[in-house]
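For the single chain, residues carry numbers from 1 onward in sequence order.
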Amino acid sequence: MNAAQRVRGLVLAMVAIGAYAASATAQSRGMEPTTRRGPDEGEGPFDRLVIRGAIVIDGTGAPPRGPMDIVVEGNTITAVRSVGAPGAEIDPDRRPAPGTREIDATGMYVLPGFIDVHTHTGGPGKAPQAEYVYKLWLGHGITTVRGVPSGNVEWMLNERALSERNEIVAPRIVACARPGSGAEWDRPIRTGEDARAWVRYAKEKGLDCVKLGAHDPEIMAALLDEADKLSLGTVAHLDQMGMARMTGRRAAELGLDEMTHYYGLFESLLDEYSIQDWPVDYNYNNEYHRFGQVARLWNQIHPPGSDEWNELIDFFLSRDFIISPTLTIYVAGRNVMAARNADWHDEYTLPSLWDFYQPNPESHGSYFFHWTTADEVAWRKFYQVWMQFLDDYNDAGGRLAVGSDAGFIYQLYGFGYIQELELLQEAGLHPLEVIRAATLYGAEAIFEPHEPDGEPIQYGVIRPGLRADLLVLTENPLEDFKPLYGTGALRLNEETGEVERVRALKYTIKDGIIYDSQKLLADVRRMVVEAKRRGVAAGSGTN
């Protein structure tokens, strides 16, 4: 590399890092103060909460078991006890002692709380009240979110503290930030030493992890090495502007813990060229080009089952690499009409967010201003290949974690997460594997990087000693994920002959606090009605 190339690479890295930091800052600037938890919002925690007679799906991939009694003291699970066999009388001598609060979960299912490893908390141009986003998440059973980032560093850390103390109605927040962000950080990252200094700054600020792009190799190597030394987790969206030099494979070689989306995956398998076969008029700043062309990668790679395909799987396995694919956030590419007309938009999508979704060359992800049949066909073929890799990686023992990236491309907080569960099942995962990706593997993605041998998880599995993040469901999620949507699933009531909406999630329990999921969703519907009445959105604001 000559001097001119080196300078150009460093400049591109600075531009990318600066853009990330500016985006994170803008996201939370202008956010309204988060509403404090009211006296009627959630019950508990209790000295002794006992959930009786449940069928437990523990999150490890093990099959359901029940009836079981679960004891929670404060915010901690203290006992999980089998109390009989299905259809048989329960022996009272096997049951734990009475609690100060009890839930009769006979015939119901209990799961660990869901973990969303890829989230952003609205923003003033979309959802200025964090309460709206938090209640959508909790109303869909999401008890932990990893902000990548949630907003600017200071706002995110403050929200994390409020949630940890349960002063707001919100999931637990894990805080990631992009290189160059933070109020006190006042210089561009031009060298590897600059990169290391920022990681040290991030550690001192109390951040949990680092969200990376496809940085210049020198910068990327320094960021990853310093993060590893300081036990900060790393996850990367390997953007196209840097991927010619930083594919998923290259980033994993340098020590990246987790890759999100698909960026860098297909580029690690390219066949005829070492970069994508871009059209000569391609422009990354054109959102239609950016999202329309990526699907054309589906037949530019070594095919499924090839030696190169299998070797990449083996390599990722050797690195204990985690993939959080966020299938849901791009699914509109396969059928934009279906995404635009989803059941939940009318009651649950804020008018400001709806306006953001509309085709607009200046809004990120609002690229449907020239969307064609050919674009949708390419995306369907892309998904077939993408899903095949994810299924093969899962079958080989690789870990997939569930993230949603909602707030873009017609995807709504909470609803997009449930759709991700459905899409992972479409990819070929067993429903128990899907739930494991949403619970245990999400927790491992968060905790393992923090110690040389991995810090023990604090939630994500139903076990004594772990945090009491639990979901109580009236329906079997292994049979169907659709009743987990806040809008429910259509079912025929054979007794009345009427078609009804069945909603499975009864309670979301976070830190031992019991939230009525339907009440949370009712609060969201009220917020949407009020926003429409106030005419919050620019223009008509109708949806």
*Validation row: Tyr330, Phe382 side chains within 4.5 angstrom (heavy atoms)*: no
*Indicate whether any N or O donor in one side chain lies under 3.5 Å from an N or O acceptor in the other, for Asp355 and Ser352.*
no
_Residue list, side-chain hydrogen bond (donor to acceptor under 3.5 Å, both in side chains) with Thr35, at least two apart or on another chain_ = Glu131
*Calculate, to the nearest 0.5 Å, the distance between atoms NE2 and SG belonging to His118 and Cys176 respectively.*
10.0 Å
*Check whether NZ of the Lys or CZ of the Arg Lys126 lies under 6.0 Å from the centre of the six-membered ring of Tyr357 and within 45 degrees of that ring's axis.*
no
*asked:* Going by the rule salt bridge (charged side-chain N to carboxylate O under 4.0 Å, His left out), which residues pair with Asp58 if we only count those two or more places apart in sequence or in a different chain?
replied: Arg463
_Per the ring-ring contact (aromatic ring centres under 6.0 Å, His included) rule, what does the pair list look like for residues 478-501, sequence neighbours excluded?_
Trp344-Tyr485
*With Arg290 as the cation and Tyr367 as the aromatic partner, state whether NZ or CZ is under 6.0 Å from the six-membered ring centre and within 45° of the axis.*
no
*Any side-chain heavy-atom pair from Glu420 and Asp116 closer than 4.5 angstrom?*
no
_Heavy-atom closest pair, residues Pro67 and Ile90_ = CG-CD1, 4.1 Å
*Taking the six-membered ring for Trp, are the ring centroids of Trp354 and Tyr410 within less than 6.0 Å of each other?*
yes
*Would you check if the distance from the ring center of Tyr459 to the ring center of Phe447 is below 6.0 Å?*
yes
*Modelled atom types, side-chain donor and acceptor of Glu426 and Tyr383, under 3.5 Å*: no
*Tell me, yes or no, whether the heavy-atom count around Asp395 atom CG, taken from other residues, nucleotides or ligands under 6.0 Å, exceeds 12.*
yes
*Excluding sequence neighbours, so at least two apart, what forms salt bridge (charged side-chain N to carboxylate O under 4.0 Å, His left out) with Arg491?*
Asp480
_Test side-chain contact (heavy atoms from CB on, under 4.5 Å) applied to Ser163 - qualifying residues, sequence neighbours left out_ = Ile168, Ala170, Ile173, Lys510
*Ring-ring centroid check His140 Tyr417, cutoff 6.0 Å*: no
Let me have the donor-acceptor pairs involving side chains of residues 73-82, under 3.5 Å, with sequence neighbours excluded, atom names and distances please.
unit_1: Glu73; atom_1: OE2; unit_2: Arg48; atom_2: NH1; d: 3.4
unit_1: Thr78; atom_1: OG1; unit_2: Val71; atom_2: O; d: 3.4
unit_1: Arg81; atom_1: NH1; unit_2: Arg94; atom_2: O; d: 3.4

